[in-house]
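A quick note: this is a predicted structure, and the numbers were derived from the prediction, not measured.
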Amino acid sequence: MALRLFNTMSTRIEEFHPLRDREVRMYACGPTVYDYGHIGNFRTFIAVDLLRRFFRQSGYSVRHVMNITDVDDKIIRNAARDGVTVQQYTAKYEKAFLEDAAMISIEQPTLVRATEHILEMAAFVAKLLEKGFAYRTDDGSYYFRISKFPEYGKLSKKDFSGMQDGARVDVDEYDKDSARDFALWKAPKPGEASWDTPIGPGRPGWHLECSVMSMEELGESFDLHAGGEDLIFPHHENEIAQSESGTGKTFANFWFHARFLLVEGEKMSKSLGNFFTLRDLILRGHKPSSIRYLLTSVPYRNQLNFTFDGLKQAAVSVERLRNFRMRLSAGIFSEGASPEMQSLASQTVERMTAALDDDLNTAQAQAAIFEMVRQANAAADAGTIRKGDVPRLLAALTRFDEIFAVLDDDDGPKMKRAFEWALTEGREQDVSNELREAVQSGQHADAEIEEKLAAMKAARGARDFKTSDTIRAELAAAGILVDITKDGIRWRRK
Ligand code: AMP
Ligand code: ZN
């Protein structure tokens with residue numbers, strides 16, 4: 001069955017079909033790099049990552065573009081406060097964002113940066129001006145005239161029929177219920193970054209950045225545009241207005257929005273003290289894989305209530321899956337195959353695919369794999385798993401992990417990097433004992449690996465290749481790759 005996805009534009013679940021055969025072109029609004037990313041941001045980025053991975057698993061090639069907003073009101077304000085250039089200010093947080101995304105196994109999309117497309121944005125403003133959709137104000141700013149675009153409000157389902165023509169707003173985020181002509185281009189202000197362009201000096205508005213860069217990378221019409229639910233209005237509504245009046249074509253076919261995350265039942269906010277960056281959680285000793293697992297465990301359109309109990313539970317779930325894989329790859333089973341295990345594996349794959357086809361129902365896909373693990377563990381206890389069942393069961397796990405990406409145990413080195421970052425940032429007091437222990441036991445793990453390698457060498461010396469292969473498979477399941485060369489045996493982490 002084909003993938004069915006909720007489309008914010010139609011407010012219905014629709015069958016997904018790309019505009020071009022077997023190719024998906026998708027754009028996701030990326031971070032504004034003025035601070036470290038919080039777990040709410042990463043809920044949305046992980047939802048988009050799952051979607052991208054599932055498109056690929058379903059046989060599509062995927063072009064996935066994401067912007068880095070590296071110039072906006074907040075960035076300019078903070079850079080001026082710190083007495084550094086916008087580029088100096090954003091470089092640190094862009095790097096941190098990419099490290100964080102890799103930490104929770106988000107595959108990197110093609111990145112586009114606002115500051116690298118300023119001239120194209122100015123050219124787009126000139127086009128809107130020529131077509132009568134934009135006007136210039138005395139200070140040299142440009143605004144979009146929404147009364148010229150009668151479909152304004154079609155994404156957010158807001159009725160703006162009584163709006164006041166010519167009322168303007170020049171901040172990027174504004175009152176959710178007001179329709180105002182919004183800034184496409186902002187004239188320079190003292191102390192602010194600005195660029196010289198054919199339409200005059202200034203800088204682009206945030207909405208314009210996404211319109212211009214997405215169309216540049218993916219074409220005037222593409223398949224899917226994604227972001228968190230807060231972006232529906234005004235950001236995406238404005239992107240549609242600009243793009244569709246500029247091109248006369250439908251901008252994006254599908255609009256995909258992830259629901260906001262709550263923390264312990266409340267809106268996350270610094271004033272409530274329940275605001276967590278990804279790094280805060282790692283400093284408290286939580287594993288990246290547990291965080292990823294928890295953030296994927298609730299379907300993207302449902303409210304995800306982040307709790308520390310839930311995070312502990314997620315760690316147990318990941319451990320269970322990893323142990324099961326280890327049990328299969330290191331275990332010794334009798335010859336043959338059992339029809340029950342064969343059909344369990346194939347039914348699990350079908351159930352996972354059907355769940356994800358159903359508007360990315362991640363909770364059901366996870367339930368399917370755990371049911372398989374439960375039944376297969378019981379079979380292993382009873383001695384009814386056969387050698388021929390192992391590849392099929394492992395293949396089901398691999399298929400699960402192509403989407404969820406939690407099976408490889410690379411938490412140790414990732415936590416070590418976070419620990420080192422905390423020391424260089426002078427945040428040693430925030431490092432929990434749990435993180436210290438995890439980092440130390442990661443170092444012990446190296447010694448354990450050496451021990452296993454020694455056992456492998458001894459086995460090979462005695463021409464006991466079966467034992468050697470079993471140890472090697474066990475290490476591989478734990479994310480340790482062993483290379484056997486004529487010069488000896490070496491290992492590395494995956
Ligand atoms: P920003 O860096 O604020 O532009 O946000 C980056 C992405 O994170 C956007 O897609 C936002 O919609 C999303 N986002 C922000 N806060 C949350 C939250 N609490 N839950 C889920 N997504 C969020
Ligand atoms: Zn955007």
Side-chain angles (χ1 to χ4, degrees), residues 3 5-6 24 26-33 36-58 62 64-68 96-111 224-231 254-263 268 275-282 286-307 310-311 313-315 317-318 321 352 355-356 359-366 369 399-408 410-411 414 418:
L3 168 61
L5 274 184
F6 183 82
V24 175
M26 59 190 271
Y27 181 89
C29 294
T32 306
V33 282
Y36 293 103
H38 58 67
I39 52 176
N41 298 140
F42 286 108
R43 171 189 206 189
T44 293
F45 295 130
I46 282 186
V48 175
D49 183 62
L50 291 185
L51 177 65
R52 161 206 173 108
R53 286 166 177 266
F54 189 56
F55 275 139
R56 204 174 49 220
Q57 191 174 74
S58 308
V62 180
H64 174 197
V65 176
M66 189 179 81
N67 68 308
I68 301 274
F97 170 73
L98 296 177
E99 286 168 1
D100 286 357
M103 179 104 77
I104 46 172
S105 304
I106 291 179
E107 291 182 338
Q108 191 175 310
T110 302
L111 299 176
L224 183 138
H225 197 120
E229 62 175 342
D230 60 322
L231 300 187
F254 269 80
W255 288 88
F256 175 97
H257 291 105
R259 186 112 186 249
F260 256 37
L261 159 147
L262 298 180
V263 174
M268 183 166 68
F275 180 95
F276 299 106
T277 65
L278 187 69
R279 289 173 194 229
D280 292 336
L281 296 184
I282 311 240
H286 298 287
K287 291 180 181 177
S289 60
S290 325
I291 302 171
R292 179 172 171 102
Y293 191 87
L294 179 58
L295 293 179
T296 58
S297 62
V298 174
Y300 74 97
R301 280 202 305 130
N302 294 2
Q303 192 105 63
L304 191 164
N305 184 22
F306 180 95
T307 64
L311 195 51
Q313 194 49 49
S317 300
V318 171
L321 292 173
M352 287 191 300
L356 295 171
D359 198 21
L360 285 188
N361 194 331
T362 48
Q364 272 187 19
Q366 290 177 346
I369 203 78
R399 209 170 155 84
F400 171 85
D401 208 48
E402 282 169 8
I403 308 296
F404 291 94
V406 291
L407 278 176
D408 290 341
D410 51 7
D411 291 308
K414 287 173 170 176

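With a 4.5 Å cut-off on side-chain heavy atoms, V263 and I39 count as touching. Looking at heavy atoms from C-beta onward, R259 lies out of side-chain contact with V298 at the 4.5 angstrom threshold. Residues N67 and Y27 form a side-chain contact, since some pair of their non-hydrogen atoms from C-beta on lies under 4.5 Å apart. Between M352 and I403 there is no side-chain heavy-atom pair separated by less than 4.5 Å. Side-chain atoms of F55 and L3, non-hydrogen and from C-beta on, do get closer than 4.5 Å to each other. With contacts defined as side-chain heavy-atom distances shorter than 4.5 Å, the pair M268/L262 does not qualify. Put simply, the side chain of F306 reaches to within 4.5 Å of the side chain of L281, judged on heavy atoms.
Remark: E107 engages R52, R53, R56 in a salt bridge (charged side-chain N to carboxylate O under 4.0 Å, His left out) (not counting sequence neighbours). For D401, there are no salt bridge (charged side-chain N to carboxylate O under 4.0 Å, His left out) partners two or more places apart in sequence or in a different chain. With sequence neighbours excluded, the residues satisfying side chain to side chain donor-acceptor pair (under 3.5 Å) with R279 are E99, D100. Shown here are the side-chain contact (heavy atoms from CB on, under 4.5 Å) partners of A226, two or more places apart in sequence or in another chain: A28, V48, L224, F256. Listed by chain and number, the residues in a side chain to side chain donor-acceptor pair (under 3.5 Å) with E229 amount to none (sequence neighbours excluded). With sequence neighbours excluded, the residues that form a side-chain contact (heavy atoms from CB on, under 4.5 Å) with A363 are P299, N361.
A pairwise comparison of heavy atoms in C29 and L231 identifies CB-CD1, 3.6 Å as the closest pair. Residues N302 and R43 approach most closely at O-NH1, 2.9 Å, considering heavy atoms. A258 and T44 make their closest contact through CB-OG1, 3.7 Å (heavy atoms, listed as atom of the first residue, atom of the second, distance). When all heavy atoms of M103 and A418 are compared, the pair lying nearest together is CE-CB, 4.3 Å. Summarising the geometry of M66 relative to P109, their closest heavy-atom pair is CB-CG, 3.8 Å, with the distance given to 0.1 Å. Closest approach of Y293 to F400, counting heavy atoms only: CE1-CZ, 4.3 Å.
For F45 and F97, the gap between ring centers is short of 6.0 Å.
Aromatic ring pairs are classed by plane angle as parallel below 30°, tilted from 30° to 60° and perpendicular above 60°; the pair W255 and H225 is parallel.
For the atom pair OG (S105) and CG (D410), the distance works out to 5.5 Å, reported to the nearest 0.5 Å. Remark: S297 OG to L304 CG distance equals 5.5 Å, nearest 0.5 Å. Interatomic distance, CG of L111 versus CD1 of I68, reported as 5.0 Å (0.5 Å rounding). With rounding to the nearest 0.5 Å, the separation of CG in L360 from OH in Y300 is 6.0 Å.
Considering V318, D411, I104 in turn, V318 is the only one that fulfils the side chain to side chain contact (heavy atoms under 4.5 Å, CB included) rule with V406.
A donor and an acceptor atom, one from each side chain of Q313 and T307, are nowhere located under 3.5 Å apart.
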| Check against side chain to side chain contact (heavy atoms under 4.5 Å, CB included), I106 and R292 | CA-CA 9 Å; I106 291 179; R292 179 172 171 102; 4.1 Å; yes
| said: Determine whether T362 and F404 satisfy the following criterion, side chain to side chain contact (heavy atoms under 4.5 Å, CB included), listing intermediate values before the conclusion. | reply: CA-CA 9 Å; T362 48; F404 291 94; 4.0 Å; yes
| said: Between T110 and H64, does the side chain to side chain contact (heavy atoms under 4.5 Å, CB included) criterion hold? Intermediate values first, please. | reply: CA-CA 6 Å; T110 302; H64 174 197; over 6 Å; no
| said: As a quick check of understanding, evaluate side chain to side chain contact (heavy atoms under 4.5 Å, CB included) for H38 and L261, giving each step before the final call. | reply: CA-CA 10 Å; H38 58 67; L261 159 147; over 6 Å; no
